[in-house]
Amino acid sequence: MSLLQGKNALVFGVANERSIAWGVCKALHDNGANVGISYAGDVLKKRAEPLGQSINSQFIEACDVTKDEDIARIAEKAHSVYGQIDILVHAVAFANREELSGPYYNTSRAGFHTAMDISVYSFTALAGAFAPYLPEWGSLMTMTYYGSQKAVPSYNVMGVAKAALESSVRYLARDFGPRKIRVNAISAGPIRTLAAAGVSGFKGLYSKFAEAAPLRENVTIEDVGNAALFFASDHSKRITGEVMYVDSGFNTVGIADSNGEEGPAAA
């Protein structure tokens with residue numbers, strides 16, 4: 001039997017075939033889950049719908065996560081289609097392009113609110129809206145980035161938002177724990193997604209990442225999908241409130257090697 005046979009999953013944040021959310025959708029679908037997808041609006045509809053159809057999704061819906069009524073509507077509709085939602089994946093993040101370059105202190109009040117609302121509060125709001133439909137041993141997860149822990153050039157307000165998101169994971173894990181529902185986060189290394197394209201200097205950051213990470217490899221959406229599969233499955237049954245790094249070990253390095261050493265030779 002497949003790892004997620006009979007499980008219902010809902011993935012928020014599908015933008016195109018290069019998005020992290022899509023990597024998660026594929027991993028869950030390939031392991032037996034019924035996967036519903038949600039995208040941000042009409043602009044992304046023409047990309048999201050064919051992706052959903054390719055995995056025979058019964059639920060392909062737009063959701064504006066800045067609107068409580070939209071979140072309530074999609075929760076009720078997902079419940080009418082699937083009944084219970086075993087797995088809820090939040091892969092939603094946004095900051096205005098002008099906030100993702102230059103000094104962090106130039107962040108506008110409105111830009112700060114936008115980043116926090118869409119990238120952080122939306123996970124809390126979705127968790128609350130879907131709470132009645134989450135079964136025992138259900139799994140909620142979100143996507144974060146190492147910029148929550150260390151200052152990364154141009155990541156700015158998004159790093160602050162990711163720090164708040166990781167804190168939200170711990171509070172939600174505490175809330176849902178008595179119901180045996182897990183809440184976790186995946187911290188992926190830089191991936192060439194639509195969202196990443198908005199970060200000034202991302203191309204240089206991406207190219208340097210593999211040089212600095214212990215495994216000397218960049219991360220793919222498939223890598224993140226496999227981590228999400230672990231959190232969605234019973235294999236992670238007693239893990240909650242955690243952030244799992246999928247970054248080739250980048251977060252473990254204090255100072256990157258600059259001499260191109262390849263490490264000890266195999267025996």
Whether Phe250 and Tyr146 hold their rings parallel, tilted or perpendicular, with breakpoints at 30° and 60°: perpendicular
Please work out whether the ring planes of Tyr133 and His79 are parallel, tilted or perpendicular, with thresholds of 30° and 60°. parallel
[X] (side chain) donor-acceptor with [Y] (main chain) under 3.5 angstrom:
X: Asn156; Y: Gly102; answer: yes
X: Ser2; Y: Gln5; answer: no
X: Ser54; Y: Leu51; answer: yes
X: Ser200; Y: Ser101; answer: no
X: Arg182; Y: Phe231; answer: yes
X: Thr142; Y: His90; answer: yes
X: Ser236; Y: Ile239; answer: no
X: Asn31; Y: Ala27; answer: yes
X: Asp70; Y: Asp64; answer: yes
X: Asn16; Y: Ser19; answer: yes

Taking all atoms of both residues into account, what is the closest heavy-atom pair of Gly41 and Ala62, and its distance? CA-CB, 4.4 Å
List the atom of Tyr39, the atom of Glu49, and the distance in Å for their closest heavy-atom pair. OH-OE2, 4.3 Å
Not counting sequence neighbours, which residues clear side-chain contact (heavy atoms from CB on, under 4.5 Å) with Ala95? List them please. Leu100, Ala115, Val157, Met158
Quick one: list whatever passes side-chain contact (heavy atoms from CB on, under 4.5 Å) with Thr114, sequence neighbours left out. Phe94, Asn96, Ile118
Same cluster or not: are [X] and [Y] linked, directly or through other Ile, Leu, Val, Met, Phe, Trp or Tyr residues, by side-chain heavy atoms under 4.5 angstrom apart?
X: Met143; Y: Leu126; result: no
X: Val35; Y: Leu4; result: yes
X: Ile37; Y: Ile74; result: no

Residue from Leu88, Asn34, Leu28 passing side-chain contact (heavy atoms from CB on, under 4.5 Å) with Asn8: Asn34
Between [X] and [Y], does any side-chain N to carboxylate O distance fall below 4.0 Å?
X: Glu211; Y: Arg216; value: no
X: Arg179; Y: Glu136; value: no
X: Glu61; Y: Arg73; value: yes

CE of Met244 to CE of Met141: how many Å apart, nearest 0.5 Å? 8.5 Å
